[in-house]
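A quick write-up on the structure given underneath.
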Amino acid sequence: MSVRVEKRIDEPGDSEHLELAWELKERIRREENVLKQRKGFFRNAYRRATTHLYFEDDELAGFASVRRDGYILFLAVAPEFRGRGYGERLVADVAENHRTVTCHARTTNENAIEFYRHLGFDVDRHIHNYYEDGGDAYYLKLGEGGLTEKLSNLIRR
């Protein structure tokens, strides 16, 4: 049985997949207590961003919304699709199109921090009271020798 994987993109101003992305983000928020953005903030940021989405057999597996400067606003992979490389592909899509790639991660979100470190991100700084609920964040930046260099090496082959 073959799995059909499809990549789609919502360009800035295009919100075709906004509701699907919101539903996935909210499911993760309820289950894991992360991705706590309010709908108005999420909707406005999504509409201004470029969003890369991966679908597996027409089901949203994951998405990443990125600003023009390479800052990842949202990155979410459905729990049932984790471990299949979607998170790495999403960050790779961002890295292919941006000179620098940055994001914030809640200091208590160990899975996210481990994931980003695995890809070569470094903690640039610790920001106290970054989130609306008073939570702290790390500002992360894809370091030299991280995914960007790995992608370049793959492309050169």
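FYI, the numbering just counts along the sequence from 1.
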> Do other residues, nucleotides or ligands put more than 12 heavy atoms under 6.0 Å from the CD atom of Glu31?
Replying inline: yes
>> Please tell me whether Phe74 and Phe42 form a close aromatic pair, meaning their ring centres lie under 6.0 Å apart.
In response: yes
> Which heavy-atom pair separates Thr50 from Pro12 by the least distance, and what is that distance?
Replying inline: OG1-CD, 3.4 Å
> Of all heavy-atom pairs between Asp136 and Asn129, which one has the smallest distance, and what is that distance?
Replying inline: OD1-N, 2.9 Å
> Do you reckon Leu90 sits in the same ILVMFWY cluster as Val5, going by side-chain contacts under 4.5 Å, direct or chained?
Replying inline: yes
> To the nearest 0.5 Å, what is the distance between CZ (Phe115) and CD (Glu88)?
Replying inline: 5.0 Å
>> What's the separation between atom NE2 in His104 and atom OH in Tyr71, rounded to the nearest 0.5 Å?
In response: 4.5 Å
>> Do Leu24 and Phe81 make a side-chain contact, defined as non-hydrogen atoms from C-beta onward lying under 4.5 Å apart?
In response: no
> Using the benzene-type ring in the case of Trp, are the ring centres of His17 and Phe63 under 6.0 Å apart?
Replying inline: no
> Are the side chains of Lys7 and His52 in touch, meaning some heavy atoms are under 4.5 Å apart?
Replying inline: yes
>> salt bridge (charged side-chain N to carboxylate O under 4.0 Å, His left out) for Glu19 and Lys39? Distances and angles first, verdict last.
In response: CA-CA 10 Å; Glu19 286 305 317; Lys39 190 159 189 178; 3.2 Å; yes
>> Give me the atom names and distance for the closest heavy-atom approach of Ala105 to Leu140.
In response: CB-CD1, 3.7 Å
> Would you call Glu32 and Arg27 a salt bridge, using N to O less than 4.0 angstrom?
Replying inline: no
> Hey, what do you get for CG (Asn44) to CD (Gln37), rounding to the nearest 0.5 Å?
Replying inline: 12.5 Å
> Any side-chain heavy atom of Leu142 sitting closer than 4.5 Å to one from Thr100?
Replying inline: no
> What is the distance from atom CG of Leu73 to atom OG1 of Thr51, rounded to the nearest 0.5 Å?
Replying inline: 8.0 Å
> Run the side chain to side chain contact (heavy atoms under 4.5 Å, CB included) check on Leu53 and Glu16 step by step: do they pass?
Replying inline: CA-CA 11 Å; Leu53 306 102; Glu16 180 180 350; over 6 Å; no
>> Restricting to side-chain contact (heavy atoms from CB on, under 4.5 Å), what partner residues turn up for Glu26, sequence neighbours left out?
In response: Trp22, Arg29, Arg30
> Got a sec: does the CZ of Arg117 have more than 12 other heavy atoms crowding it under 6.0 Å?
Replying inline: no
> For Arg38, what residues pass the side-chain contact (heavy atoms from CB on, under 4.5 Å) criterion, not counting sequence neighbours?
Replying inline: Glu132
> Counting only heavy atoms not in Arg82, do more than 12 fall under 6.0 Å of its CZ?
Replying inline: yes
> Who pairs with Glu114 by side-chain contact (heavy atoms from CB on, under 4.5 Å), at least two apart in sequence or on another chain?
Replying inline: none
>> Please check if the number of heavy atoms outside Lys25 that lie under 6.0 Å from its NZ is greater than 12.
In response: yes
> Should Asp10 and Leu18 count as side-chain neighbours, where that means a heavy-atom distance under 4.5 Å?
Replying inline: no
>> Check whether Tyr86 forms a cation-pi arrangement with Arg89 (NZ or CZ under 6.0 Å from the six-membered ring centre, at most 45° off the ring normal).
In response: yes
>> To the nearest 0.5 Å, what is the distance between CZ on Arg47 and CG on Asp14?
In response: 10.5 Å
> Above 12 or not: heavy atoms from other molecules or residues under 6.0 Å from OH of Tyr131?
Replying inline: yes
> Which atom pair, heavy atoms only, marks the closest approach of His98 to Asp69?
Replying inline: CD2-C, 4.0 Å
> At what distance, to the nearest 0.5 angstrom, does CG of Asp122 lie from NZ of Lys141?
Replying inline: 9.5 Å
